[in-house]
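Labels below follow one simple rule: chain letters A, B, ... track the order of the sequence lines, proteins then strands, and each chain is numbered from 1.
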Amino acid sequence: MTVRVRFAPSPTGYLHIGAARSALFNWLYARKSGGKFLLRIEDTDLQRSTDESTRSIIDGLEWLGLDYDEDLVFQSDNAPKHVAAANRLLEEGKAYRDFTPKEQRADNVVKQEVAERARAQSLEGVDQRSNPYRDLPKEESDRRAAAGEPFAVRLKVPAQGQTKFDDIVYGPQERDHSEIEDLVLLRSGGHPLYNLSVVIDDIEMGITHVIRGQDHLTNTHKQILIYEALGAEVPRFAHLPLILAPNKGKLSKRKHGEVVSLTTYRDRGFVPAAFRNFLALLGWAPPDGKEIFSKEELVQAFSLEGIGRANAIFNFHENDPRRWTDDKALWMNAEYIRTMPLEQLMPMVKAELRANKLWREEYDDDDRDWLLKTIDMIRQRFFTLKDFSEQGRAYFSEDFDFEESAVNKNLRKEPRMRELLSGLADRLEAVEPFNADTSEAALRAFAEEAGVKAGLLINGSRTMLTGQAVGPSMFEIFDVLGRDASVQRLRSGVPFN
RNA sequence: GGCGCAUUGGUGUAGUCGGUUAACACGCUGCCCUCUCAAGGCAGAGAUCACGGGUUCGAGUCCCGUAUGCGCUGCCA
């Protein structure tokens, strides 16, 4: 049997990182087992679904490198099949029409209301099979329907027994039928509801393994009931632990903002492979404790058995811009940026520079070697791709900013600094050839003659040339920037004004 | 309220059939390197394995209970 799995997001907003991880795990399992990874957009909630959201889901998957097989499926296209299935169950007496007038609920208070009603019911000991229409004679039901009376269609859950399944992650699960209400399959407008739709679509698509968030663990029993009523084969289930906010609460856009959106990571300079790698490690661990994985290695190492059961906390710091997302994610990204093959990094750097008008066409031919050398030098201390155009700006443009603290520390403290640097510029101008070694020799000699520590000139030069107090070795900067730019920047009085 | 699931240092995780000082990574501290900052190397702080019982010669590992968190309990998905 070939494995067929799917990622089935509802297009009601950005792609949540938790959803992205579900997609990843499904994809990994499919690739690992030589199966198919399918994508289905669950747009049955037409009010809330948007094309834009669908677009962002597809973009997000592409960014993460998760390619899907076969055609994209829109759940709404299958609505007729869902209705047909419900009608079949109705015909077979496995479902019934509920003529109870529909209750209107405001979406924002529904959680609370539902919980309260459930509490009240459990206190009163309400029987889940007590719906008066459950055993309405077929003739009467047909007659009332034909007369145009509105009704919902509910599944006739057996009064006795229980549903069981063996979750690949959470182990054996069972639930008594008495705890499950006769769930609604079709609402009174005739629209199919989630639990029906997923099941029909999963059957239709030949899904063999359902890998999804743990929030569906208890829903699974209802869905199994539908599979059974339909006489369909029940797939295997693997539920994933949830990703929680630092306060152990639900990670939501409303509360936590952009950190939960996958596109944020793309827009803020993450390398897709790095984020994918980070996501894989949230709730899953390989047997050998390895942490850095290429896509292929990840596929190779992945197994459903390695998935943990406890929810994971996504540990970001809301009020600290430097730690705006999980430390480990940031570290992982930096690790990728400084160690990945340069050829793979370059297209991303090019896009970043281009977006900030720092790209020059010569970088593709005449200055290619210079660019590679420069990128290789500065990438060592960068955390995101953004750094190439921000912290790295001085390497690509004469128009860069001086950090106030750097200027104070490295330039203003020494009153003679301006003349010293100007003197250094004179020396560098005479150096032949001009490179890291010769510029170092020249600077050290000049420092000795002037009676100052080399470090003073080195740090001063760094700030003059890059606007910053930190960065690569000064002599490598001289080498990369070249004689002309170096000398010119040393003489510019800009930061002193 | 009911039902379900979970609980190992700040975070992510490892801990096989129960067996000496609970492991790794991120983060944190210090030292080395050094022109700065990283990286790298070294050292270190931080966990009575949620709590309470029990089984056992011995429990993070098995059993029961409690607490806490999360999920479900909807004509939302």
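Of the candidate nucleotides B:C5, B:C3, B:G27, B:C5 has the atom nearest to the side chain of A:Gln173. In this structure, of B:G1, B:C72, B:G69, it is B:G69 that holds the atom nearest to the side chain of A:Lys248. Looking at the side chain of A:Asn315, the nearest of the listed nucleotides B:U11, B:U73, B:U36 is B:U11. Of all nucleotides listed (B:A77, B:U11, B:G12), B:G12 comes nearest to the side chain of A:Lys328. Residue A:Arg175 has its side chain nearest to B:G2 when only B:C37, B:C26, B:G2 are considered. Comparing B:A6, B:C26, B:G12 against the side chain of A:Leu282 picks out B:G12 as the nearest. Considering only side-chain atoms of A:Lys111, the nucleotide from B:C75, B:G4, B:C76 that sits closest is B:C76. Distances from the side chain of A:Tyr170 to the nucleotides B:C35, B:C5, B:G1 place B:C5 closest. Residue A:Ile313 places its side chain closer to B:G12 than to any other of B:C35, B:U73, B:G12.
OP1 or OP2 of B:C76 has at least one side-chain nitrogen or oxygen of A:Arg187 nearer than 4.0 Å. Look at A:Thr44 and you'll find a side-chain N or O under 4.0 angstrom from OP1 or OP2 of B:A77. Between A:Lys250 and the phosphate of B:G69, there is no side-chain N or O to OP1/OP2 separation shorter than 4.0 Å. Side-chain nitrogen and oxygen atoms of A:Lys222 include at least one within less than 4.0 Å of the OP1 or OP2 phosphate oxygen of B:U73. Taking only side-chain nitrogens and oxygens, A:Arg154 comes nearer than 4.0 Å to OP1 or OP2 of B:C75. Regarding contacts with the backbone of B:G74, a side-chain N or O of A:Arg117 is found under 4.0 angstrom from either OP1 or OP2. For B:C35, one of the phosphate oxygens OP1 or OP2 lies less than 4.0 angstrom from a side-chain nitrogen or oxygen of A:Arg444.
Between the A:Arg462 side chain and the A:Pro472 main chain, a donor and an acceptor come within less than 3.5 Å of each other. Looking only at distances, no side-chain donor or acceptor of A:Trp284 sits under 3.5 Å from a matching main-chain atom of A:Leu304. A donor-acceptor pair under 3.5 Å is formed between the side chain of A:Arg134 and the backbone N or O of A:Val157.
For the P atoms, the distance linking B:G58 with B:G46 amounts to 29 Å, nearest Å. The C1' atoms of B:C57 and B:U16 are separated by 22 Å, rounded to the nearest whole Å. Annotation: B:G18 and B:C62 have their P atoms spaced 8 Å apart (nearest Å). Taking the C1' atoms as reference points, B:A22 lies 12 Å from B:U48, given to the whole Å. Rounded to a whole angstrom, the distance from the P atom of B:A43 to that of B:A25 is 12 Å. Across the P atoms, B:G65 and B:G2 are found 14 Å apart, a figure rounded to whole Å. Taking atom P on both B:C5 and B:A47, the two are 31 Å apart, rounded to the nearest angstrom. Here the separation of B:C70 from B:C75, taken at their C1' atoms, is 27 Å to the nearest Å.
Counting any heavy atom pair closer than 4.0 Å across all strands shown, A:Thr463 reaches no nucleic acid atom. In this structure, A:Gly283 reaches the sugar-phosphate backbone alone: every heavy-atom distance under 4.0 Å involves primed, P, OP1 or OP2 atoms, never a base. Using a 4.0 Å heavy-atom cutoff across all strands shown, A:His221 reaches no nucleic acid atom at all. Using a 4.0 Å heavy-atom distance criterion, A:Ser10 is classed as a sugar-phosphate-only contact. Within 4.0 Å of A:Phe382, counting heavy atoms only, lies no atom of the nucleic acid at all. No engagement by A:Pro246 is indicated, since no non-hydrogen atom pair under 4.0 Å with the nucleic acid exists. Using a 4.0 Å heavy-atom cutoff across all strands shown, A:Lys102 reaches at least one base atom of the nucleic acid. Within the nucleic acid shown, A:Asn311 comes within 4.0 Å of sugar-phosphate atoms alone, with no base atom in reach, counting heavy atoms only. Among the heavy atoms of the strands lying under 4.0 Å from A:Glu181 are primed sugar atoms or P, OP1, OP2 only; no base atom is included. Within 4.0 Å (heavy atoms only), A:Ala115 reaches at least one base atom of the nucleic acid. Heavy atoms of A:Gly471 sit under 4.0 angstrom from at least one base atom. A:Gln468 comes within 4.0 angstrom of nothing in the nucleic acid, heavy atoms only. Looking at heavy-atom distances under 4.0 Å, A:Ala312 makes contact with sugar-phosphate atoms alone, never a base. Here A:Tyr194 lies in heavy-atom contact (under 4.0 Å) with a base.
Side-chain to base pairing of A:Thr218 with B:C3: no donor and acceptor N or O lie closer than 3.5 Å to each other. Remark: the A:Arg381 side chain and the B:C37 base include a donor-acceptor N/O pair separated by less than 3.5 Å.
Across all strands shown, B:G71 is found opposite B:C3 as a Watson-Crick or G-U wobble partner, with both distances under 3.5 Å. B:A59: no Watson-Crick or G-U partner with both key distances under 3.5 Å is found in any strand. A 3.5 Å limit on both hydrogen-bonding distances identifies B:A50 as the Watson-Crick or G-U partner of B:U66.
A cation-pi arrangement is absent between A:Arg144 and A:Phe151, since the terminal nitrogen or guanidinium carbon is not both under 6.0 Å from the aromatic centre and inside a 45° cone about the axis.
We find that A:Arg40 and A:Asp202 are joined by a salt bridge, their nearest charged nitrogen and carboxylate oxygen being less than 4.0 Å apart. Between A:Arg444 and A:Glu448, no side-chain nitrogen of the basic residue sits less than 4.0 Å from a carboxylate oxygen of the acidic one, so the salt-bridge criterion is not met.
Aromatic ring pairs are classed by plane angle as parallel below 30°, tilted from 30° to 60° and perpendicular above 60°; the pair A:Phe400 and A:Phe402 is tilted.
Checking A:Asn435, A:Leu443, A:Thr438 one by one against A:Phe478, the side-chain contact (heavy atoms from CB on, under 4.5 Å) holds for a single residue, A:Leu443.
The environment of A:Arg412 atom CZ is dense: over 12 non-hydrogen atoms of other residues, nucleotides or ligands sit within 6.0 angstrom.
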